[in-house]
Amino acid sequence: MTTKAFVIGHPIAHSRSPLIHGTWIAEHGIDGSYEAIDVAPAELPGFFERLREGEFAGGNVTIPHKEAVFALCDSVDPLARTIGAVNTLVARAGKVHGTNTDYLGFLGNLDAAAPDWSAGKSTAIVLGAGGAARAILVALKSRSIPVILLNRTRATADRLARDIGGDISTGGLADFNAAAPSAGLVVNTTSIGMHSSRFEGFDLDLLPSDALVTDIVYAPLVTPLLADAKARGLRIVDGLGMLLHQAVPGFEAWFGIRPSVTKDLRTRIEATLEH
Ligand code: NAP
């Protein structure tokens, strides 16, 4: 019987997940499918009934359902609760389990692109305190990396630091230059970088020469922050790998094969991005 998986959202037309999973299904010759399904918020409970009846092995969840599905799942990972969002569902024996693979995607991307990145455990500057920042703080905490969390709205950063716990100090974006000399890693999790928007007043020359700069915005692939860091000779890692690596655990749970993030897969997805 064909094993079916999905991504649900509303709207859903722009999701790149069908291309990612479709590539792996073809590569492994699996009798499976992965489809994008537009599910409006009012239709979500009915969709969960289809899941419990065994129509799908599971799937991904995107905007605006990442929080609403908590109430519909039969069980949810503690880490997904800490992150406050479910992005992956697994259906088994009439029950639906919710998890979040974004933090694994972040770690998988850096581990693949810069294998020594967490060895020194030097401080990370995290820019932004929204939904994606939660997953990244959980990821950095799992590697015991101290964090300076800088956000436009300081109170949001303070709240997030309290929620996650551990070694996190907070500040505003204007504190970047003061924090830079002690940072081994800079992670942008804000939407700055999309549509060529850029951070004002950041002096990247203040970063140590071996610092790594990464951005989770992947459209454009090389954001102004990454371009500036590269021009100064700093190591950079783009955000596309996070999108690809977060897809790995879900595919493995639904189809029973752990797929690889290959150069060919990256090239296919890159071809769909704004340059
Ligand atoms: P979000 O919850 O809306 O948070 C947005 C963050 O950006 C907040 O910290 C916000 O600060 C800040 N921000 C927005 N506009 C700003 C501006 N003009 N100046 C300064 N700060 C600004 O969004 P999210 O879900 O965390 O997503 C953030 C980005 O990550 C999006 O571009 C998304 O596409 C990307 N993303 C990528 C991946 C991946 O796999 N690579 C995964 C998830 C998300 P305030 O608190 O002050 O509003």
Side-chain angles (χ1 to χ4, degrees), residues 7 9 11-12 14-17 19-21 60-68 80 82-88 99-113 125-140 147-164 168 170-176 186-202 213-226 236-251 261 265-266 269-270 272-274:
V7 56
I12 195 63
H14 292 104
S15 173
R16 292 181 174 86
S17 294
L19 185 53
I20 298 171
H21 290 282
N60 290 119
V61 180
T62 189
I63 293 165
H65 302 314
K66 285 185 174 191
E67 291 85 24
T82 305
I83 294 167
V86 162
N87 76 341
T88 302
T99 184
N100 187 306
T101 64
D102 276 341
Y103 83 99
L104 292 174
F106 175 77
L107 294 175
N109 185 30
L110 289 190
D111 287 343
I125 296 177
V126 174
L127 304 165
R134 283 184 165 267
I136 281 156
L137 292 180
V138 166
L140 293 172
V147 170
I148 301 173
L149 176 63
L150 306 180
N151 193 44
R152 176 177 62 178
T153 310
R154 174 76 186 265
T156 313
D158 289 342
R159 203 162 45 240
L160 180 55
R162 273 197 305 275
D163 282 0
I164 303 294
I168 306 176
T170 60
L173 293 176
D175 296 318
F176 179 86
V186 177
V187 187
N188 175 41
T189 79
T190 75
S191 41
I192 293 182
M194 296 172 80
H195 313 298
S196 301
S197 54
R198 57 171 61 242
F199 292 99
E200 299 297 338
F202 281 20
V213 179
T214 185
D215 205 320
I216 71 162
V217 169
Y218 55 81
L221 201 53
V222 181
T223 60
L225 177 69
L226 292 183
I236 62 167
V237 176
D238 67 57
L240 179 57
M242 178 174 167
L243 178 75
L244 303 177
H245 283 275
Q246 66 76 31
V248 170
F251 188 93
V261 174
L265 178 66
R266 258 192 77 97
I269 309 298
E270 264 184 58
T272 71
L273 300 177
E274 147 198 356

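From a predicted model like this one, the values you see are computed outputs, not experimental measurements. Only this structure's heavy atoms are used, side chains among them; waters, hydrogens and symmetry mates stay out. Numbering of ligands and ligand atoms starts at 1, following listing order.
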If you measure every N or O of [X] against every N or O of ligand 1, does any of those distances drop under 3.5 Å?
X	answer
A132	yes
A133	no
T153	yes
A129	yes
G128	no
R152	yes
G131	yes

Any non-hydrogen protein atom below 4.0 Å of [atom]?
atom	answer
atom 3 (O) of ligand 1	no
atom 29 (C) of ligand 1	yes
atom 23 (O) of ligand 1	no
atom 48 (O) of ligand 1	yes

Heavy-atom distances under 4.0 Å decide this one: backbone, side chain, both or neither, for [X] against ligand 1?
X	answer
L173	side chain
I192	side chain
M194	side chain

* Heavy-atom side-chain proximity of L243 to I20 below 4.5 angstrom ->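 Answer yes - side chains close enough.
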Do any N or O atoms from the side chain of [X] and from the backbone of [Y] form a donor-acceptor pair under 3.5 angstrom?
X	Y	value
N100	A85	yes
T88	N60	no
D175	G172	yes

* To do: Report yes or no: do N188 and T190 form a side-chain donor-acceptor pair below 3.5 Å?
  =>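 There is such a pair between these side chains.
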* **Heavy-atom closest contact (A129 atom, T189 atom, distance)** =>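 It is N-OG1, 4.4 Å.
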* Asked: Which of the atoms of ligand 1 are close to Y218, meaning less than 4.0 Å from one of its heavy atoms?
  ->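 So the atoms of ligand 1 that pass are 39 (C), 41 (N).
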Heavy atom to [atom], shortest distance: which of [options] holds it?
atom	options	value
atom 6 (C) of ligand 1	T190, V217, N87, L243	T190
atom 10 (C) of ligand 1	N151, D238, N109	N151
atom 15 (N) of ligand 1	S191, A155, G239	S191

* Report the nearest protein non-hydrogen atom to atom 42 (C) of ligand 1: residue, atom name, distance rounded to 0.1 Å. =>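 Ranking protein heavy atoms by distance from atom 42 (C) of ligand 1, first comes M242 CE, 3.8 Å.
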* Asked: What protein heavy atom sits nearest atom 36 (N) of ligand 1, and how far off is it?
  ->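 Checking every protein heavy atom, the shortest distance to atom 36 (N) of ligand 1 gives I216 CD1, 3.5 Å.
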